[in-house]
Amino acid sequence: MSAQPSRQQPLPRPTPVPGTATVAMFTSPTSWVESDAVAQCHQVAALDGMLHVAAMPDLHPGKGAPIGAAMASRVLYPFLVGSDIGCGIAVFPISLKRPVPERLAARFPDLDRALDPDRDADDPAWSVLTGDIPAGHVESLGTVGRGNHFVELARVETVAAPDHARRLGLTASDLVLIVHSGSRGLGERILREHTSVHGAGPAPDPAGYLAAHDDAVRWGSLNRRLLAARVAHALGAVPTEPVIDQCHNLVEVRDDGIYLHRKGAAPGDGRDVLIAGTRGTRSYVVAAHAGPEANHSVAHGAGRKMSRADALRRGRAKHTVEELRRTPVGSLVVCGDRQLLFEEAPTAYKRIEQVIGDLVEHGLATPVASTVPVVTYKTADVGSTPTRDRRDHRRGRGRP
DNA sequence: ATGTAC
């Protein structure tokens, strides 16, 4: 059984405890917040040098550190950013004549297959590469990854702030590609190089860590552009520049030398952010205007309500695979991995409208537009090669 | 969320 959520009190904020950092919860009495995640916020608050922890309404427990939190400290802690340094969400306008989900779902390219600069030198997606490949890291370039990562074709549904949406180039009924992906093995390697020596301790050489971190942030952004370009070409469209591209796993050095760690929290100081719902619900473009109390941050998505294990157990009892591949909003899910299909079921996530409502109530963001999924790509479908396991493809043992 | 170990 999953842990029952505790009902959090709204602001005013908790009284600071001497010797520890302050913790501010940007939730409301009706928010679903697991007590384990709140406990993690207080554990982080007790770290040396920690100043202030801001918990977003999508807060949920992570490995050691909470997800959906922005943490300001005098000391740089790599584990608070986690392994997927540079993970973020980007939005690319796309023009398609007849967006029929069934036809488009079948045309998505295999985004588990990396783009090799030599073997795939002719791939038109390389047009988005204008400089060097950050850190020279070629492995897994152009792949979406697993977990909560996805590439989604979505339609702009409602526009709440028309002028703002127009400045972003977004109008109702427009199509967009939403790309949620990170730095794959590169960020993982950077964290491991730190933790293998220093564990969860601070970075003894912040400049060294930050140089590698910044490469991963650039790599993640490039990867999102490559993913969007691969899909655009496959769907017969022209690649575009992102109108939004915000990273939600990173550390920022503020002007006062404070390290602002964001883990599943997007920069909220005057930025436009897409806050992802699920593959079966809306996502929201918001104008973020979060101040110091929120560590200049906003939520990054709906936030998990169930652990992956719970989602798998409960999902198998509740849903069929067919139900999960066609969502209540009529969109299709491309996902050849049954387990991932259950783990990422919309019911495993909090209600996105509650998350957005909490941000609005606390004055952190203003909705600009909502999008509704058309096709959500997770991992290549297995339909065309029923006798062969996906792993054989990735290991390059022949092709169909 | 990840590449790798079990």
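Below, read A as the first sequence line, B as the second, and so on, with proteins coming before strands; counting in each chain starts at 1.
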message: For a ring pair (Phe, Tyr, Trp, His ring centres under 6.0 Å) check, start with the C-alpha distance between H213(A) and H194(A), then their side-chain angles and the critical distance, and finish with the verdict.
response: CA-CA 11 Å; H213(A) 161 284; H194(A) 172 84; over 10 Å; no

query: Under 4.0 Å between a Lys/Arg side-chain N and an Asp/Glu carboxylate O for E343(A) and R304(A)?
result: no

Tell me the interatomic distance from [X], atom [atom1], to [N], atom [atom2], rounded to whole angstroms.
X       : N      : atom1 : atom2 : answer
L186(A) : dT4(B) : CG    : P     : 13 Å
K263(A) : dA1(B) : NZ    : P     : 7 Å
H60(A)  : dA1(B) : NE2   : P     : 7 Å
H300(A) : dA1(B) : NE2   : P     : 7 Å
Q339(A) : dA1(B) : CD    : P     : 13 Å
L80(A)  : dA1(B) : CG    : P     : 16 Å
H137(A) : dG3(B) : NE2   : P     : 8 Å
H149(A) : dA1(B) : NE2   : C1'   : 6 Å

Distance check: side-chain N/O of [X] vs OP1/OP2 of [N], anything under 4.0 Å?
X       : N      : value
R308(A) : dA1(B) : yes
R184(A) : dT2(B) : yes
H180(A) : dA1(B) : no

field: Aromatic ring proximity, centroids under 6.0 angstrom, H289(A) and H296(A)
entry: no

Distance-only donor-acceptor hits, side chain of residues 131-138 of chain A, under 3.5 Å, sequence neighbours excluded:
none

